[in-house]
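Below: the structure, in structure tokens.
Every number for a ligand or one of its atoms is a count from 1 in the order of the listing.
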Amino acid sequence: MYLIPIPAFADNYLWLLHDGKRALVVDPGDAEPVLRALEQHALQLESILVTHHHADHTGGVDVLRQACGAKVYGPATERIPKPFTPLHGGDTVHALGRDFQVLDVPGHTAGHIAFYTPCCKLEGNSKPLLFCGDSLFSGGCGRLFEGTPAQMLASLDKLAALPGNTVVCCTHEYTLSNLRFALAVEPGNADLVAYQARCVRLREENQPTLPTSIAQELLVNPFLRTRQATIMAAARRFDASAHDDNTVFAAIRQWKNQFK
Ligand code: ZN
Ligand code: FE
């Protein structure tokens with residue numbers, strides 16, 4: 001299988017997974033770059049997976065469905081361009097000859113879902129693969145537009161529990177700005193300093209910093225590290241009332257919202 005991040009808009013990636021003949025795309029906010037990629041690689045688009053209702057994730061769905069006859073899958077409780085197969089956490093989507101588990105990851109939106117397959121052969125190696133939309137980013141997490149900090153923390157806990165070698169396909173290139181914030185929270189984190197240097201080099205070469213992995217994020221992402229003593233202490237410097245998992249997470253998220 002081949003995994004391609006198709007850049008779109010200012011900082012989105014529309015993830016294309018294909019086997020040389022058939023393809024699926026995740027969160028096609030724009031049809032045009034997807035159609036170009038399909039033509040370039042001579043691929044038939046079989047499935048469209050949607051994680052949540054935002055326009056930058058759904059804007060190309062109708063055109064792609066009509067142009068390619070692809071089947072659309074999306075969260076049952078969100079407004080996704082119809083017709084689509086409505087999904088709930090625990091469901092399975094069969095696409096490209098493999099099964100994707102549907103995970104409920106509310107927080108960014110109320111019905112946000114993610115797609116996970118435990119075993120996908122990429123560049124000769126079998127690895128778990130995750131399409132997480134705007135729930136988890138490298139070094140960060142989605143803004144809480146429709147959910148509570150407790151919901152988002154529970155969603156991120158679910159993702160953090162996936163195998164460390166899981167290939168994590170986030171939908172925005174927010175990594176460098178996320179890491180600037182992460183370093184403000186944890187200036188003494190050597191893994192974070194090294195990761196930032198690597199990501200800066202990638203961006204200088206105009207390369208994506210994604211996909212990332214769960215193991216990498218556990219080392220550097222403050223939103224997966226809110227139970228670390230250093231992060232709890234930093235959260236309390238921002239908001240003295242932060243005292244447990246949810247309030248520490250809420251403080252870090254609020255701090256990030258204000259961070260410049
Ligand atoms: Zn979004
Ligand atoms: Fe988005």
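Centroid-to-centroid, the aromatic rings of H57 and H172 come within less than 6.0 Å.
No side-chain donor-acceptor contact under 3.5 Å links D99 and T92. No side-chain donor from either of D104 and H112 sits under 3.5 Å from a side-chain acceptor of the other. A donor atom on one side chain and an acceptor atom on the other are found under 3.5 Å apart for Y13 and E173.
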*Would R227 and D157 satisfy salt bridge (charged side-chain N to carboxylate O under 4.0 Å, His left out), going step by step from the backbone distance to the final call?*
CA-CA 11 Å; R227 295 172 186 96; D157 281 345; 2.8 Å; yes
*Report the C-alpha distance between E186 and R225 in whole Å, list the side-chain angles of each, state the deciding distance to 0.1 Å, and finish with yes or no for salt bridge (charged side-chain N to carboxylate O under 4.0 Å, His left out).*
CA-CA 10 Å; E186 271 193 300; R225 296 170 57 79; 2.8 Å; yes
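Excluding waters, the protein N/O/S atoms found under 2.8 Å from the Fe ion (ligand 2) are D56 OD2, H57 NE2, D134 OD2, H172 NE2.
Atom CG of L144 and atom CD of Q151 lie 9.0 Å apart (nearest 0.5 Å).
Here the N, O or S atom of H52 that is nearest to the Zn ion (ligand 1) is NE2.
Here the angle centred on the Zn ion (ligand 1), running from ND1 of H54 over to OD2 of D134, is 170°, rounded to 10°.
Among the atoms of D56, no N, O or S atom is found under 2.8 Å from the Zn ion (ligand 1). At least one N/O/S atom of H108, whether from backbone or side chain, sits less than 2.8 Å from the Zn ion (ligand 1).
Shown here is K158, whose NZ atom has more than 12 heavy atoms of other residues, nucleotides or ligands within 6.0 Å.
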